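Order of appearance sets the numbers: ligands from 1, and atoms from 1 within every ligand. These figures come from a predicted structure and were not determined experimentally.
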Amino acid sequence: MQLHRGFGAGAMADPVNRRIILARRPDGIPRPEHFELVETPPGEPGPGEILIRNRYLSVDPAQRGWANDAPNYSPPVALGEVMRAMAVGEVVASRHPDYRPGEYLTGMFGWQDYCLAAADRLWFRVDPAVAPISTALGVLGLNGLTAYFGLLEIGQPAQGETVVVSTGAGAVGSAVGQIARIQGCRTVAITGSAEKAAMCRTVYGYDAAIDYRAEGDLDAALAAGCPDGVDVYFDNVSGAISDVVLRHLALGARVVICGTASQASWDPHPLGPRPERHLLVKRARMQGLLIFDFADRFDEARRRLAAWLDAGKLVYREDVRDGIESAPAALTALYAGENTGKMVIRL
Ligand SMILES: NC(=O)c1ccc[n+]([C@@H]2O[C@H](COP(=O)([O-])OP(=O)(O)OC[C@H]3O[C@@H](n4cnc5c(N)ncnc54)[C@H](OP(=O)(O)O)[C@@H]3O)[C@@H](O)[C@H]2O)c1
């Protein structure tokens with residue numbers, strides 16, 4: 001077994017693993033009272049295991065689904081278990097032949113200081129020379145990959161087409177807008193504040209940005225922003241915003257269903273206007289996206305995303321909060337639209 005400073009005989013005594021566990025099942029958006037902070041020893045790696053010291057924890061809208069027990073694509077986190085989360089961390093002890101102390105890895109390490117992981121929890125190695133390690137959770141991680149595959153594989157944008165992105169200033173949305181621009185598309189963001197709309201135009205290079213909270217008439221704003229209709233709608237919110245966008249689909253449009261942030265309840269399913277007439281009349285296609293389906297192509301996508309980052313064609317913003325205790329409130333804040341950029345917790 002390889003040992004790192006802080007572990008093993010003669011090293012710093014008794015490191016503590018602070019873990020945020022799911023203590024109560026939320027009904028909808030998780031809030032701090034649904035979580036508790038507990039302390040345990042970090043443990044020692046068994047054969048084939050790695051001990052990782054987390055450096056950044058991810059805060060993702062998907063955690064709402066993981067904390068709730070409404071039907072979803074994966075089983076819910078059990079009560080009393082550490083909250084499921086992506087994280088990036090440093091290997092501090094390893095009994096796996098492929099991983100050495102000092103390396104940075106990312107994977108489903110959870111909201112905790114340390115993760116004792118088998119190799120199947122790992123997503124990929126992180127090279128600090130390429131970009132700050134926190135980007136492995138955002139633009140070079142789950143968010144960038146979701147934008148990349150959702151837009152290019154499902155949205156299939158062609159040069160000159162119009163791409164509309166809901167939560168256009170968000171971690172996924174900002175990458176979608178920029179990748180669409182790299183493809184030569186006209187890009188239009190929908191977002192929830194004047195500050196974010198300004199960021200969309202000046203930082204992420206959208207051709208137009210609509211603040212849906214300020215805009216009295218979203219329908220008219222979309223008509224002005226998309227005079228030739230919407231060829232690709234990358235949807236992160238569903239609900240009332242999407243009901244308006246669907247009216248503006250162009251012939252042969254593609255609608256990427258990435259997220260449903262505006263849906264207050266998943267069980268029972270919300271009722272609303274029906275999209276079928278829009279899809280029929282415009283011969284449009286609507287398809288759901290689950291990023292994990294593209295796992296065998298992550299390396300290819302990360303190489304392209306990193307090259308765009310390096311060339312300055314792709315930029316990102318982070319909303320960094322400090323300390324593991326701040327994670328639950330950060331998740332609630334995400335659903336209040338308070339984040340500007342990828343929400344991460346620095347440990
Ligand atoms: N399908 C997949 O595989 C996959 C993978 C990763 C992420 N996602 C989805 O992608 C979406 C974006 O994720 P992200 O990590 O990039 O988060 P994000 O966009 O950085 O943050 C979430 C944003 O959602 C918006 N929002 C929150 N509540 C809303 C409401 N009631 N109505 C309208 N908008 C609301 C807010 O933006 P505004 O202020 O602009 O409204 C908020 O900033 C999420 O829906 C997430 O679930 C899907």
Any idea which atoms of ligand 1 are less than 4.0 Å away from a heavy-atom of Gly259?
45 (O)
Evaluate [X] for polar contact with ligand 1, using N/O atom pairs at a separation under 3.5 Å.
X	value
Ser193	no
Gly192	yes
Ser262	no
Glu338	no
Asn339	yes

According to side-chain hydrogen bond (donor to acceptor under 3.5 Å, both in side chains), who are the partners of Asp60, at least two apart in sequence or on a separate chain?
Ser58, Lys342
Measure Thr191 to ligand 1 on non-hydrogen atoms and call it side chain, backbone, both or neither using the 4.0 Å cut-off.
both
Give the contacting part of Met343 toward ligand 1: side chain, backbone, both or neither, where contact means a heavy-atom distance below 4.0 Å.
neither
Should one rank Ile29, Asp319, Leu290, Asn236 by closest heavy-atom distance to atom 10 (O) of ligand 1, which comes out on top?
Asn236
Only pairs under 3.5 Å count here: list side-chain donor-acceptor contacts from residues 301-309, not counting sequence neighbours, and write none if there are none.
{"unit_1": "Arg302", "atom_1": "NE", "unit_2": "Leu140", "atom_2": "O", "d": "3.0"}
{"unit_1": "Arg304", "atom_1": "NH1", "unit_2": "Tyr148", "atom_2": "OH", "d": "3.1"}

Against ligand 1, does Tyr212 come closer than 4.0 Å with any heavy atom?
yes
Do NZ/NE/NH1/NH2 and the carboxylate oxygens of Arg274 and Glu276 come within less than 4.0 Å?
no
